[in-house]
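These notes concern the structure reproduced below.
In what follows, chains carry the letters A, B, and so on, assigned in the order in which the sequence lines appear, proteins first and then strands, with residues in each chain numbered from 1. No hydrogens, no waters, no symmetry mates; every other heavy atom, side chains included, goes into these values.
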Protein chains: 2
Amino acid sequence: MDVLMQTLKIGINEKLYIKDPESSSLGKKIVEESILLIDEIGFEHFTFKKLGARINSNESSIYRYFENKHKLLLYLASWYWGWMEYRMVFDTNGISDPVEKLSKAIEVLTQNVEEDNAFSHINEVVLNKIIINEYSNSYLVKELNDEDKNGYFIVCKRLVSRLSEMIVAVDKTYAYPLSLASTILEGTLHQYFLKEHFPMLTNCNETVTPTHFFTDLIFRTLNLNVNG
Amino acid sequence: MDVLMQTLKIGINEKLYIKDPESSSLGKKIVEESILLIDEIGFEHFTFKKLGARINSNESSIYRYFENKHKLLLYLASWYWGWMEYRMVFDTNGISDPVEKLSKAIEVLTQNVEEDNAFSHINEVVLNKIIINEYSNSYLVKELNDEDKNGYFIVCKRLVSRLSEMIVAVDKTYAYPLSLASTILEGTLHQYFLKEHFPMLTNCNETVTPTHFFTDLIFRTLNLNVNG
DNA sequence: GCAAAAATAATAGTATTACTATCAATATTC
DNA sequence: GAATATTGATAGTAATACTATTATTTTTGC
């Protein structure tokens with residue numbers, strides 16, 4: 001990432017926070033350390049009290065940024081998908097061949113996540129671990145009404161439709177571009193999860209990556225030659 | 001289901017319960033009504049106290065069957081996958097053509113769930129809804145040690161490897177049979193979830209089913225003619 | 001049909017969670 | 001330097017996720 005990018009900010013639905021955590025150093029610390037703490041003890045055991053103790057702040061101060069821990073997880077997930085979208089768009093921008101473009105998009109979306117220094121208070125590698133392990137905790141929620149859901153998951157929706165459009169650009173006759181796109185995104189998280197926790201349920205390992213599997217899958221499905 | 005089947009029982013890892021719920025009428029009622037209550041209020045808000053009130057029994061009595069609500073969900077998930085496995089084996093048994101066999105297996109695993117009268121105290125339709133909405137709550141758990149995990153998820157593992165073998169039988173050269181099998185199972189749940197909650201992220205709807213999508217996907221991937 | 005054993009119910013109690021409310025102490029800014 | 005905003009400390013509440021104890025009911029073995 002070059003210097004131009006140092007003021008980049010991933011836009012997040014304002015309903016997800018009470019006070020924008022990007023607007024103060026306490027807010028950034030809340031986001032930064034919540035990622036690490038959720039990774040360490042799991043979302044279920046994560047509490048604002050524990051986070052407060054960890055950052056030498058107070059439970060009540062954290063509540064002034066986020067309504068509850070669930071909204072905080074939604075915030076982190078939103079950030080993650082916004083970041084993925086930005087990288088996908090950035091890395092495929094300028095590629096005119098639709099096949100090459102789709103191939104690159106799949107690569108960005110399925111490859112192992114690495115640190116991005118453009119966002120110093122967020123550890124993308126650990127955030128990725130959280131998303132793999134806890135993402136479904138964020139959307140499996142009876143509480144959310146439909147209006148809110150649409151707001152919270154708009155990033156995800158945009159990412160799926162972008163990918164779906166790239167699929168259509170490669171094969172106009174394919175009947176299930178949205179389903180294929182959402183399967184790739186969810187399936188990638190799942191393959192990484194299995195690789196870590198139930199390796200006998202996947203062919204992914206140190207040498208075979210989810211990128212190999214999904215690139216092959218997409219190219220076979222859309223009747224293209226594999227050039228992954 | 002014919003009369004022969006009336007004594008069928010889906011085998012479940014004994015570590016998942018303290019006292020076998022199939023062994024008493026209270027136990028069966030716990031299982032039966034927990035499915036309905038989890039569906040109604042969501043797993044997060046489900047408590048043994050509420051369940052006790054609903055079945056006119058006592059919180060403490062339920063604790064004698066299940067250690068906690070999480071183990072109960074694992075029990076239900078185990079039952080579900082055991083039941084899916086049994087139906088898949090049953091319905092594909094005797095089909096000798098590998099392509100036809102795989103096709104039938106995909107159909108059983110991806111189609112809309114219907115009531116199975118062989119198991120009177122379990123509402124399979126509602127159980128399926130729970131699995132779609134709450135399944136990942138069961139395996140996203142830092143608590144489980146590896147030994148236990150292997151015990152709890154053995155059914156799932158068996159189902160994935162059976163499906164994977166059917167894939168290999170159709171195409172010995174395909175490099176990712178396990179990943180494809182696990183993607184189908186998880187992906188099916190996800191497509192049903194999207195169809196219900198985020199219809200703009202999937203092509204599945206009233207007429208296009210996950211069975212269509214996945215049958216097409218598998219047959220294209222394994223270079224076969226679609227005959228779904 | 002009755003005693004012993006097992007299962008269930010009722011009640012109480014504890015530590016933790018997920019907050020809300022209030023007020024005091026610090027920073028910030030104008 | 002006063003006014004304002006932010007953060008911290010403390011207390012309090014209702015609900016959750018249990019455990020323990022004892023009472024009551026049901027089952028079973030003879």
Side-chain angles (χ1 to χ4, degrees), chain A residues 14-34 37-38 40-76 121 134 137-138 140-144 148, chain B residues 14-34 37-38 40-76 121 134 137-138 140-144 148:
Chain A
E14 294 185 4
K15 285 188 180 169
L16 284 177
Y17 48 78
I18 296 167
K19 180 184 160 133
D20 185 0
E22 300 270 345
S23 71
S24 76
S25 66
L26 177 62
K28 283 183 197 151
K29 210 164 187 184
I30 289 172
V31 169
E32 180 174 11
E33 296 287 329
S34 69
L37 187 54
I38 291 173
E40 282 170 28
I41 64 178
F43 184 66
E44 237 184 330
H45 294 126
F46 171 84
T47 69
F48 282 178
K49 194 166 193 172
K50 289 175 188 167
L51 179 60
R54 185 180 172 116
I55 64 179
N56 293 316
S57 178
N58 200 277
E59 198 187 1
S60 58
S61 304
I62 301 169
Y63 273 106
R64 286 201 199 84
Y65 284 86
F66 293 100
E67 219 176 302
N68 52 52
K69 71 174 185 172
H70 189 249
K71 287 270 171 78
L72 171 57
L73 183 60
L74 280 172
Y75 177 93
L76 296 176
H121 66 296
E134 320 274 2
N137 278 322
S138 74
L140 306 176
V141 265
K142 279 225 158 8
E143 288 83 12
L144 294 184
D148 284 345
Chain B
E14 293 184 4
K15 283 186 181 172
L16 285 177
Y17 49 77
I18 297 167
K19 179 183 159 137
D20 185 359
E22 300 269 346
S23 72
S24 75
S25 65
L26 176 63
K28 283 182 197 153
K29 210 164 185 183
I30 289 171
V31 170
E32 180 175 11
E33 296 288 329
S34 69
L37 187 55
I38 291 173
E40 282 170 30
I41 64 178
F43 184 67
E44 237 184 331
H45 295 126
F46 171 84
T47 67
F48 282 179
K49 195 166 191 172
K50 289 175 188 168
L51 179 60
R54 185 182 172 114
I55 64 178
N56 294 314
S57 179
N58 200 277
E59 198 186 3
S60 58
S61 304
I62 300 169
Y63 273 105
R64 282 203 205 82
Y65 284 86
F66 293 100
E67 221 176 303
N68 52 52
K69 71 175 184 171
H70 189 251
K71 288 271 172 79
L72 170 57
L73 182 60
L74 280 173
Y75 177 94
L76 296 176
H121 67 296
E134 320 275 2
N137 278 321
S138 74
L140 307 176
V141 265
K142 280 223 157 11
E143 289 83 10
L144 294 184
D148 283 346

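- Between the NE2 atom of A:H70 and the P atom of C:dA18 there is a distance of 12 Å, rounded to whole Å.
- Nucleic acid contact class of B:F48 (heavy atoms, under 4.0 Å, all strands): none.
- Whole-Å rounding puts the A:N68 CG to D:dA14 P distance at 20 Å.
- Rounding to whole angstrom units, OH of residue B:Y63 and C1' of D:dT16 are separated by 8 Å.
- If you measure from atom CD1 of B:I18 to atom P of C:dT8, you get 13 Å, rounded to the nearest angstrom.
- Residue contacts for B:S61: at a heavy-atom cut-off of 4.0 Å it reaches a base atom on one of the strands shown.
- B:F46 places its CZ atom 18 Å from the P atom of D:dA15, with the value rounded to the nearest Å.
- Using a 4.0 Å heavy-atom criterion, one finds that B:Y65 contacts the sugar-phosphate atoms exclusively.
- Of the candidate nucleotides C:dC19, D:dC18, C:dA9, C:dA9 has the atom nearest to the side chain of B:N58.
- Backbone-only contact: A:T47 has heavy atoms under 4.0 Å from sugar-phosphate atoms and none from a base.
- A:K19 comes within 4.0 angstrom of sugar-phosphate atoms only, judged by non-hydrogen atoms across all strands, and of no base.
- Atom CD1 of B:I62 is separated from atom P of D:dA17 by 13 Å (rounded to the nearest Å).
- Nearest heavy atoms, B:V31 versus B:Y75: CG2-CE2, 3.9 Å.
- Remark: B:E40 does not engage B:K50 in a salt bridge, criterion side-chain N to carboxylate O under 4.0 Å.
- Mapping B:S24 and B:E59 onto DNA chain C by nearest heavy atom places B:S24 closer to the 5' end of the strand.
- Note: A:F43 and A:F46 have parallel aromatic rings, judged against thresholds of 30 and 60 degrees for the angle between ring planes.
- Nearest heavy atom pair, residue B:F66 against residue B:F48, reads O-CE1, 3.6 Å.
- Summarising the geometry, the separation between CD on B:E44 and C1' on D:dA15 is reported as 14 Å, rounded to the nearest angstrom.
- Between the NZ atom of B:K71 and the P atom of D:dA17 there is a distance of 15 Å, rounded to whole Å.
- No donor-acceptor pair closer than 3.5 Å links the side chain of B:K29 to the backbone N or O of B:H121.
- When heavy atoms are screened at a 4.0 angstrom cut-off, A:K69 is found touching the sugar-phosphate backbone but no base atom.
- Contact check, B:S60 against C:dT8: no side-chain N or O comes under 4.0 Å of OP1 or OP2.
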